[in-house]
Amino acid sequence: MDNETLAQVIMDSLLVLFIIPGNATSLVIAIRLRKSDSVFTTFMISLSLSDLLVGIFYVPGHLLEVIQKNNSIFTCYVARYILYLSIVTSVYTMVAIAVVRYRACVYPARRQFMVANALYMVACVWTGCMSFCSIPFLFVGLVYRFRDSYGNVITVSGWPEHIPSDYVLERTFCTFRSKLMADNVKYAVLMNFLVTYLFPLVIIAVLYCRIIYIVRKKDSDKIHRHHVIKSKAVLLMTVIVTLFATLMLPEMILNLVVTFNPTIASDLPGYNWMRIIFSNMAISQSLVNPFAYWFFTAKFRNEMKTLFCYNRRNLVTPTYTTT
């Protein structure tokens, strides 16, 4: 096992160890908090669920792909789809939260979003993102590369029925089967950058800048307690959005550069290490949210203490004395 493979195995293992427990705990706490802060925790459930799916499906699948150095139906379709779906649902859930907070802070006298509205928005986000993320995978498939003892190579799409017996399977790739998509991959990558990164983050930035301006414009003596609570929620979501944008940006830029200039993959020194670092930075955005919830939300900290203290008390076996 070379150094790059070993580094990727260690990083994937650490991601699994942090993403699954952290987001599973966040999901349980968000469900328990729905009675007290149902609108925000509904979106928190959506964020935690999307991040948890990455830890359950994508990271173990990617770890298997790295070790075996081959793709499978699971890694090509299921794992990559879950990763793509998690990224898109996360960013558009943040857009929905920004819309809710904007309405609450800028138009406090109007009727605010209720639980039913939040559930409807989350359902629309997941339905739309699932449909959008399915489009590229209609054109993706496994490609098999065979090589004989003389170095001759045969590459076929789909498992072939007739291959000479002296050819041995060397590698399995996950790539576009459609010539139309393969020829227009530049536009597909550019559209992905605009739709899943730049466009939603611009909307979020505009809404939060407006919220911060409105909150700070108010006289501090006249700010009510609910305005302070809203400003704390805005701070929490600002941190989450900033972390998402920062951790995803290097991977997005690298994909754009390599797509429009493929020779850079072989010409740039240390490209493989850059790819490993940037891809793991993008995945790590699935583990930072629980830490942000814990640091900025007192309800989350208190509920976590209650949850774990309650479980610890249940583990204590009662003792009895006889007289």
Side-chain angles (χ1 to χ4, degrees), residues 5-34 40-68 71-94 97 122 125-126 129-130 133 196 236-237 239-241 243-244 246-248 251 276-297 299-312 314-315:
T5 304
L6 179 61
Q8 187 63 69
V9 169
I10 294 174
M11 289 181 182
D12 284 345
S13 302
L14 291 175
L15 287 172
V16 170
L17 292 176
F18 281 99
I19 290 176
I20 295 179
N23 285 287
T25 303
S26 298
L27 189 61
V28 172
I29 292 176
I31 293 173
R32 290 165 63 97
L33 286 175
R34 282 197 62 200
F40 177 73
T41 52
T42 300
F43 294 114
M44 183 176 166
I45 290 172
S46 176
L47 290 173
S48 299
L49 180 60
S50 63
D51 292 336
L52 183 61
L53 291 176
V54 173
I56 294 175
F57 291 98
Y58 175 76
V59 181
H62 185 256
L63 179 60
L64 184 64
E65 176 186 338
V66 170
I67 295 174
Q68 295 182 344
N71 278 281
S72 62
I73 293 177
F74 176 79
T75 58
C76 183
Y77 290 98
V78 180
R80 281 176 169 79
Y81 177 77
I82 291 297
L83 175 64
Y84 195 28
L85 178 64
S86 172
I87 294 172
V88 180
T89 52
S90 294
V91 71
Y92 279 98
T93 299
M94 295 176 198
I97 295 173
V122 169
V125 166
W126 277 85
C129 292
M130 289 174 68
C133 294
T196 66
L236 168 62
M237 291 312 303
V239 171
I240 292 176
V241 172
L243 289 172
F244 177 89
T246 304
L247 294 172
M248 289 294 301
E251 175 73 2
I276 292 173
I277 293 172
F278 290 168
S279 63
N280 282 277
M281 284 178 60
I283 302 301
S284 65
Q285 58 90 19
S286 295
L287 66 86
V288 297
N289 286 352
F291 294 99
Y293 299 147
W294 183 87
F295 189 80
F296 288 98
T297 309
K299 288 183 180 179
F300 187 89
R301 292 195 298 271
N302 295 334
E303 192 65 27
M304 179 179 288
K305 294 177 183 178
T306 303
L307 177 65
F308 286 104
C309 289
Y310 174 78
N311 290 336
R312 190 165 57 248
N314 285 348
L315 292 176

Distance from [X] atom [atom1] to [Y] atom [atom2], nearest 0.5 Å?
X	Y	atom1	atom2	answer
Asp12	Tyr58	CG	OH	7.5 Å
Phe40	Met237	CZ	CE	5.5 Å
Leu6	Ile67	CG	CD1	10.5 Å
Ile87	Ile82	CD1	CD1	11.5 Å
Met248	Gln285	CE	CD	6.0 Å
Ile97	Thr42	CD1	OG1	10.0 Å

side-chain contact (heavy atoms from CB on, under 4.5 Å) evaluation trace for Ile10 with Leu14
CA-CA 6 Å; Ile10 294 174; Leu14 291 175; 4.1 Å; yes
Please say whether more than 12 non-hydrogen atoms of neighbouring residues, nucleotides or ligands are located less than 6.0 Å from [atom1] in [X].
X	atom1	answer
Trp294	CH2	no
Phe74	CZ	yes
Ile73	CD1	no

All pairs passing salt bridge (charged side-chain N to carboxylate O under 4.0 Å, His left out) where residues 287-296 contributes a residue, at least two apart
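Sorted result for residues 287-296: empty, none.
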Note, [X] side chain near [Y] side chain (heavy atom, < 4.5 Å):
X	Y	result
Val16	Leu63	no
Trp126	Leu49	yes
Ser86	Leu53	no
Leu83	His62	no

Those residues that, when tested against Phe244, pass ring-ring contact (aromatic ring centres under 6.0 Å, His included) (two or more places apart)
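Phe244: no ring-ring contact (aromatic ring centres under 6.0 Å, His included) contacts found.
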Restricting to non-hydrogen atoms, name the atom on [X] and the atom on [Y] that form the minimum distance, rounded to 0.1 Å.
X	Y	answer
Val59	Ile19	CG2-CD1, 4.3 Å
Ser279	Glu251	N-OE1, 3.3 Å
Leu52	Ile20	CD1-O, 3.6 Å
Pro21	Thr25	O-OG1, 2.7 Å
Ile240	Ala292	CG1-CB, 4.0 Å
Ser284	Leu15	CA-CD2, 4.1 Å

Verdict with reasoning, Phe300 to Met44, per side-chain contact (heavy atoms from CB on, under 4.5 Å)
CA-CA 11 Å; Phe300 187 89; Met44 183 176 166; 3.2 Å; yes
Test log, rule side-chain contact (heavy atoms from CB on, under 4.5 Å), inputs Asn23 and Val54:
CA-CA 10 Å; Asn23 285 287; Val54 173; over 6 Å; no
Quick one: side-chain hydrogen bond (donor to acceptor under 3.5 Å, both in side chains) partners of [X], sequence neighbours excluded?
X	value
Ser90	Ser50
Tyr77	none
Asn280	Gln8
Thr93	Ser46

Can you check side-chain contact (heavy atoms from CB on, under 4.5 Å) on Arg32 and Thr306, steps first, answer last?
CA-CA 11 Å; Arg32 290 165 63 97; Thr306 303; 4.1 Å; yes
